[in-house]
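These notes concern the structure reproduced below.
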There are 2 protein chains.
Amino acid sequence: MPKTVAEIAHETGFSVTTVRLIANGQASKYRISEATVKIVEEQIRRYGFVVNHAARSLKLMRTDTIGLVVPELSNAFFARLMSDLEELCRGSGLVLLTSSTNENPDLEDRAIRTLWARGVDGLIVAPCRTPDYGRLFGKTTKLPIVVVDRAYPDSRYPSVVSDNVEAGRALTRAVLETGAPLTAFLCGQTELPTIAGRIRGFAAACQEAGVTNWEELIMRAAENSAEAGRTLMGQLLERGRPPASFLCSSLMVLEGATQRLKERLGRIPVETVMGTFDDQESLDFLPNRIFSARQNEEELASQAFARLRELRAGKMSQSAQTTVPFQLIRRGGVRSAPRSGAASFRRGARASD
Amino acid sequence: MPKTVAEIAHETGFSVTTVRLIANGQASKYRISEATVKIVEEQIRRYGFVVNHAARSLKLMRTDTIGLVVPELSNAFFARLMSDLEELCRGSGLVLLTSSTNENPDLEDRAIRTLWARGVDGLIVAPCRTPDYGRLFGKTTKLPIVVVDRAYPDSRYPSVVSDNVEAGRALTRAVLETGAPLTAFLCGQTELPTIAGRIRGFAAACQEAGVTNWEELIMRAAENSAEAGRTLMGQLLERGRPPASFLCSSLMVLEGATQRLKERLGRIPVETVMGTFDDQESLDFLPNRIFSARQNEEELASQAFARLRELRAGKMSQSAQTTVPFQLIRRGGVRSAPRSGAASFRRGARASD
DNA sequence: ATGAAAGCGCTAACAA
DNA sequence: TTGTTAGCGCTTTCAT
């Protein structure tokens, strides 16, 4: 057990103030004498000292802790977001408290109440429904809250999201430019604002390219899961021949879709062009030409962190929405002999705009 | 801002003790009169009340918080582990504080010190080197610590790990049973105890099957990364023809290895049989026969949590090691026409023992 | 069935 | 340059 300031004060014969000033590194600022500093520091070195955070929080009415609430930690996107936020916190002497809600609104409410009750100084949340947390803690509470990833239309919190519309457009355009006839856009969990944005981008790109039947290309499922992808691809296959190209609203949907292709056709057709949101190294397992839109978690994290700082500083950037560009990644399409440029091509990801 | 017990006491005219008893739901236990309860509860309902956690911690010298330190949150295994642990905590009224150390021992030390300084009641850590935290906080401190995933030989903390040896054996056996000649075991970050165990299992299975040159089949790299996988596969290809089968110590290594295959051969040979540690749905992207060993994060989490409870309760199950079985998953190998059983086969994962 | 008071360890305002 | 003191909000012990 580390000693307390009072103990050290008692043992060295100095006062708590003196000891505290030294322990907090403010000795020179308050002109504590060299001798005193030496004695106290020696004592601290011998017996150790760490401020009791509970006591500090109680006194200062602040915990130097911020909360993060995400719908699904096993989703690599949120895991990376958390990782990046944690690093930002570390740099500011803060600690990050994270909760995963399993896409369950009730758990989300519980998580937020718990975090609030623990006195977090701020909250970053990727909500699984239109956020309205006033009812969880009296309206009076002035807890800074920033929404990430999912900007529900009438949310009253400042938000930081990826540019889903532009990414949907870029991804669709990339697939169209290969010349392969566009067959479908398989969408899971369509009520999410992110998915809605992606669909709008898809529609825009189609219209720009003169694809008039874009409306009927969109296939919707309620869930974002491999199962949804399987179902949608199943429906698509019933319509006719193997798709020349298709888009997926997420990696999980793509996984399900390709599983169904394998089951029905015995293999995943190599000439099919694919486009998907989310990126993962394992897309390289496919021989296909495939485009993916990757979110910039690092930028999302730092923007969200910045918004939170502003709120904490009193700047009410209320309802402001920050948008972060995706990155469009191109894979495959190098069908011929091995060539040294292949690797660098694969990595030659470029911003979508 | 919620009211404090003192405020409510003052407003209702009762004492803090009475209010506290009611607020904590111990009214009946202490025979507080109906009338009193009613008045106080009404006040609480109107103005809200949550215990100030900082004050509570200060008084009780306990934070109802436990810390988790992992080397890499973007690794799906650790993300799931965290998610499971968080759920266990929630069930016990605890809160989980997580830090990711990026496989950096210095960051690990920092993280652990921070968590300790914040007064966590216990620590679960997946260390990136032989753990010895005595020097971080005086030996005297009696902070319960449980190690997960990585049991370094001379660690003095109780640990909960997957059965890497048995999994290595099962995975190797599965690949051997296909009849494909075994070409190599590509290993990243070989100094990790997990990897060492996997290699031992590999060796055992080889010997059992009469494969005498197993020693030279093992290819080692210092890092666990796609780059390592690329390098190792590059070396393997220089030795001769495309591998009939190979094993990888992790998904990242497999990703790198397949990338190199694509670069060199223009494609990933479909007849190559693969085996890898870690599992992911996207392995289905490969047409190949492929086996994967999946850790049971849920069991690891609950065992680790249980060990921590024991330590907190004073049961010194010192240096005990708990082992959790892997799950061996079989994919591919259904090369012919579509058949309805394909899906259930794919999911027919079974325990490795 | 209810109340009073001490004290957890820290900070900040004020004294000297 | 150093010391004293009053809380922060809770729990607990001991009174009534």
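Quantities reported herein were computed from a predicted structural model and do not represent experimental measurements. We name chains A, B, ... by the order of the sequence lines, and we start the count at 1 in each one.
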> Atom CG in B:Asp121, atom CD1 in B:Ile66: separation rounded to 0.5 Å?
Replying inline: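 Going from the CG atom of B:Asp121 to the CD1 atom of B:Ile66 covers 8.5 Å.
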Do [X] and [Y] have side-chain atoms, one donor and one acceptor, less than 3.5 Å apart?
{"X": "B:Glu86", "Y": "A:Ser100", "answer": "no"}
{"X": "B:Glu108", "Y": "B:Tyr133", "answer": "yes"}
{"X": "A:Tyr157", "Y": "A:Gln321", "answer": "no"}

> Is A:Ser15 near enough to D:dT2 that one of its side-chain N or O atoms lies under 4.0 angstrom from OP1 or OP2?
Replying inline: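 For A:Ser15, the contact criterion (side-chain N or O under 4.0 Å from OP1 or OP2 of D:dT2) is not met.
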> For D:dC10, does either OP1 or OP2 sit under 4.0 Å from a side-chain N or O belonging to B:Arg20?
Replying inline: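 It does not, given that no N or O in the side chain of B:Arg20 lies less than 4.0 Å from OP1 or OP2 of D:dC10.
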> Taking for each residue the nucleotide of DNA chain C with the nearest heavy atom, is it B:Ile32 or A:Ala6 whose nucleotide lies nearer the 5' end?
Replying inline: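 The residue closer to the strand's 5' end, by nearest nucleotide, is B:Ile32.
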Report which part of the nucleic acid [X] touches: base, sugar-phosphate, or nothing (heavy-atom distance under 4.0 Å, all strands).
{"X": "B:Gly13", "value": "sugar-phosphate"}
{"X": "B:Ser57", "value": "nothing"}
{"X": "B:Val51", "value": "sugar-phosphate"}
{"X": "A:Val37", "value": "nothing"}
{"X": "A:Ser33", "value": "sugar-phosphate"}
{"X": "A:Thr4", "value": "sugar-phosphate"}

To the nearest Å, how far apart are [X] [atom1] and [N] [atom2]?
{"X": "A:Leu21", "N": "D:dT4", "atom1": "CG", "atom2": "P", "result": "15 Å"}
{"X": "A:Met61", "N": "D:dG7", "atom1": "CE", "atom2": "P", "result": "14 Å"}
{"X": "B:Asn52", "N": "D:dC8", "atom1": "CG", "atom2": "P", "result": "11 Å"}
{"X": "A:Glu34", "N": "D:dT2", "atom1": "CD", "atom2": "P", "result": "11 Å"}
{"X": "A:Gln26", "N": "D:dT1", "atom1": "CD", "atom2": "P", "result": "15 Å"}

> Taking NZ, NE, NH1 and NH2 as the nitrogens, is one of them in B:Asp154 or B:Arg156 under 4.0 Å from a carboxylate oxygen of the other?
Replying inline: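 Between B:Arg156 and B:Asp154 there is no salt bridge, as every charged N stays at least 4.0 Å from the carboxylate O atoms.
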> Would you call B:Arg150 and B:Glu103 a salt bridge, using N to O less than 4.0 angstrom?
Replying inline: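 Salt bridge flag = yes for B:Glu103 with B:Arg150.
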>> Taking the minimum atom-to-atom distance to the side chain of A:Thr18, which one of D:dT1, D:dT4, D:dG3 wins?
In response: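 Selected nucleotide (nearest to the side chain): D:dG3.
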> Quick one: how far along DNA chain C does chain B reach, first to last nucleotide 5' to 3', anything under 4.0 Å to a heavy atom?
Replying inline: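 For DNA chain C, the relevant span reads C:dA1 to C:dG9.
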> Within 45° of the axis and under 6.0 Å from the centre of the six-membered ring of B:Phe49, does NZ or CZ of B:Lys3 qualify?
Replying inline: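 Judged by the rule (NZ or CZ under 6.0 Å from the ring centre, within 45° of its axis), B:Lys3 is not positioned above B:Phe49.
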> For A:Tyr30 and A:Leu58, take the nucleotide of DNA chain D holding the closest heavy atom to each; which residue's nucleotide lies nearer the 5' end?
Replying inline: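 By nearest-heavy-atom nucleotide position, the 5'-most residue is A:Tyr30.
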